[in-house]
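Quick notes on the structure that follows.
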Amino acid sequence: MSPATLLMEATYLVASILFILGLKAMSHPDTARRGMFYAEAGMAAAIIGTLIGQHIVTWVWIVAGLLLGSAIGAWMGITVPMTAMPQRTALSHAFGAMAAALVGIAEFNVHAAEMSVFTRGALGFEVMLGALTTTGSLIAAGKLQGVIKGTPVQFKGQQVLNALIGLGMVGCFVTFWINPAILVAFYTMVGLALAFGVMMVIPIGSADMPVVMSLLNSYAGLAATATGFVLGNNVLIIAGTLDGFSGLILSILMCKAMNRSITNVLFGGFGATVAEASSNAGGTMREIPLDDAAIQLAYAKRVIFVPGYGLATAQAQHAVRELAELLEERGVTVKYAIHPVAGRMPGHMNVLLAEANVPYSALYEMDQINPEFPETDVVVVIGANDVVNPDARDNPKSLIAGMPILEVDLAKSVIVLKRGQGRGFSGLENPLFFKERTRMLYGDAKGTLNLLVKAVEQS
Amino acid sequence: MNPAVLIASVYVFALAAFLGYQVISRVPPLLHTPLMSATNAISGISLIGSLVMAGAHYPLVAHLLGFAAVTTATINVVGGFWITDRMLKMFKKREPNTAKAVKR
């Protein structure tokens with residue numbers, strides 16, 4: 001082994017360790033930032049090590065790619081708003097997967113003849129996963145951005161068609177695995193995988209995106225792992241596996257938070273079904289005048305805010321923080337209850353509130369906050385619906401039966417900020433809105449909150 | 001790839017999976033978005049495979065595919081770490097209640 005190769009291998013080892021340390025530091029918000037510096041240092045070391053240790057003969061493509069990628073990456077880093085984080089992340093899953101697929105295709109072009117059976121298998125996985133994750137993530141990003149309609153696309157025979165595409169893809173994979181000389185099998189596999197990615201994501205509604213995002217995250221990571229197997233490179237295997245498992249764990253958590261299985265999310269097309277099973281919801285919704293709501297808040301002891309995706313779409317994060325601070329100055333204890341699927345990707349709501357200067361110590365997870373609702377004077381639900389639907393707990397016939405909810409109906413009083421009288425994404429009635437202790441406050445969340453701030457100031 | 005290397009790779013994979021499970025399970029839901037963004041940036045390490053394709057002694061087609069891969073992987077590395085840091089910077093402890101926080 002030449003000294004240059006040795007140095008390269010050493011940087012890979014260092015990078016692997018730094019990546020793990022970096023993710024370990026993610027266990028607390030106070031250490032997380034430092035952890036990312038470790039990871040960045042590891043990345044830099046591995047890149048420099050590669051450039052020294054590999055036999056690089058042409059620099060022009062490398063330099064061009066690095067410069068172009070850095071420019072686009074930095075531009076995204078600076079400009080992407082926090083509300084667009086789900087789209088950005090979906091897009092980066094696409095980029096990561098695309099890089100893996102492209103390397104795989106190049107590798108196939110150069111080395112297909114001399115590859116061992118095993119390496120060829122890994123290469124097949126790399127390219128297949130990479131290709132389907134690329135198109136799947138692009139569709140997801142399009143749905144999140146609103147370029148593509150967010151509602152599930154479903155048609156007759158869809159599952160049969162998907163199964164055919166899937167089988168064709170696997171068939172081509174096996175063919176090329178057995179005989180690498182059949183080039184057409186390899187490229188047909190790439191094409192079918194690209195199609196499969198599209199078909200996989202179009203039947204899934206926007207509200208199920210947290211699961212899809214996590215799953216695509218996992219695929220992108222595993223594609224990188226497969227690249228590691230093809231190249232016999234351990235740091236790639238380690239980093240890819242960490243990414244893959246992170247995505248897998250998040251998918252499981254998100255499914256639990258919706259009480260649904262992954263297969264149900266992938267094949268269910270939830271947002272499309274119109275609820276037939278009517279709940280025990282009925283009666284009238286009671287409106288509350290703004291000033292009354294303000295007085296109720298101003299003289300409460302404990303207030304909990306429950307933000308949902310509607311808060312983000314109304315850009316009301318700063319308004320809610322202002323109201324919370326005002327109440328705190330008056331001696332009210334204010335907390336925020338965050339449901340795991342509030343938002344379009346795991347943890348999204350926390351980021352949005354942190355951006356609005358809400359301290360993270362005020363953000364509470366579902367399990368922490370649920371016991372506190374009975375002692376809470378006022379709960380303010382902002383743009384959330386299904387995650388506070390008591391039917392999930394009480395009505396076994398409900399479509400969302402068994403989904404863990406924030407039990408706001410146990411609080412002494414509830415104020416629901418809502419745009420109109422419409423239903424949530426699932427189309428379900430929410431009995432919470434009809435309860436004796438619930439009051440509705442209609443209007444744009446941001447405007448209403450600003451008015452509440454003024455009213456509380458005067459009371 | 002000879003069998004010894006393959007077995008070693010499978011070991012690395014299994015241990016990384018185990019370690020990944022242990023480490024990631026400890027990340028609080030509070031930080032799940034930055035986590036996803038960070039693991040994404042880290043898996044941009046496939047950049048090192050792309051670099052070899054783009055610059056080693058290979059035919060032009062490999063260079064071109066490599067160039068595209070270097071670009072997308074670099075976008076992930078640079079953009080991913082940048083955005084992760086931007087998000088993590090925002091997570092603050094409760095500050096001593098200073099009258100009214102100044103709007104940024």
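Small disclaimer: the values here were computed from a predicted structure and weren't measured.
B:S46 meets the side-chain hydrogen bond (donor to acceptor under 3.5 Å, both in side chains) test with no other residue; sequence neighbours excluded. With sequence neighbours left out, A:R33 forms a side-chain hydrogen bond (donor to acceptor under 3.5 Å, both in side chains) with B:D85. Under the side chain to side chain contact (heavy atoms under 4.5 Å, CB included) criterion, A:Y364 pairs with A:K335, A:Q368, A:I369, sequence neighbours left out.
Residue A:M76 touches chain B through both its backbone and its side chain, counting heavy-atom pairs closer than 4.5 Å. For A:Q54, the part lying under 4.5 angstrom from a heavy atom of chain B is the side chain only. No part of B:L15 comes within reach of chain A, as not one of its non-hydrogen atoms sits under 4.5 angstrom from that chain. Of the two parts of A:A74, the backbone and the side chain both hold a non-hydrogen atom closer than 4.5 Å to a non-hydrogen atom of chain B. Interface remark: A:L353 contributes no atoms to any contact with chain B (heavy atom separation under 4.5 Å). No part of A:P340 comes within reach of chain B, as not one of its non-hydrogen atoms sits under 4.5 angstrom from that chain. Using a 4.5 Å cut-off between heavy atoms, A:I56 touches chain B through backbone and side chain atoms alike. For A:H348, the parts lying near chain B are the backbone and the side chain together; criterion is any non-hydrogen pair under 4.5 Å. With a 4.5 angstrom heavy-atom cutoff, A:S70 touches chain B via backbone and side-chain atoms both. With a threshold of 4.5 angstrom between heavy atoms, A:M213 approaches chain B through its backbone and through its side chain. For B:L47, the part lying near chain A is the side chain, with the backbone staying farther off; criterion is any non-hydrogen pair under 4.5 Å. If you measure heavy-atom distances from A:T79 to chain B, the contacts under 4.5 Å come from the backbone alone. Residue contact with chain B, scored on non-hydrogen atoms closer than 4.5 Å, involves the backbone and the side chain of A:I238 alike. Contact annotation for A:S214: both backbone and side-chain heavy atoms come within less than 4.5 Å of a heavy atom of chain B. Interface residue B:N40: backbone and side-chain heavy atoms are both found under 4.5 Å from chain A. Residue A:T50 touches chain B through its side chain alone, counting heavy-atom pairs closer than 4.5 Å. For A:H28, the part lying under 4.5 angstrom from a heavy atom of chain B is the backbone only.
The side-chain heavy atoms of B:I42 and A:D243, taken from C-beta on, include no pair separated by under 4.5 Å. Residues B:T84 and A:M26 have side chains in contact (heavy-atom distance under 4.5 Å, counting atoms from C-beta outward). Using a 4.5 Å heavy-atom threshold, the side chains of A:V351 and B:F91 count as touching. At a threshold of 4.5 Å between non-hydrogen side-chain atoms, the residues B:L31 and A:P29 count as touching. Two residues are said to be in side-chain contact when any heavy atoms from C-beta on lie closer than 4.5 Å; B:V61 and A:V110 fail this criterion.
Classification of the A:H111-B:Y58 ring pair by plane angle, with boundaries at 30° and 60°, yields perpendicular.
For residues 59-68 of chain A, a heavy-atom distance under 4.5 Å to chain B picks out A:W61, A:I62, A:A64, A:G65, A:L66, A:L68, given by residue number.
Residue A:Y360 holds its OH atom at 11.5 Å from NZ of B:K92, rounded to the nearest 0.5 Å. A:S246 OG to B:H32 NE2: the interatomic distance, rounded to the nearest 0.5 Å, is 7.5 Å.
If you run side-chain contact (heavy atoms from CB on, under 4.5 Å) between B:M53 and each of A:N109, A:V103, A:I105, only A:V103 comes through.
Options A:I338, A:T225, A:I78, A:T89 differ in how many heavy-atom pairs under 4.5 Å they form with chain B, and the most are formed by A:I78.
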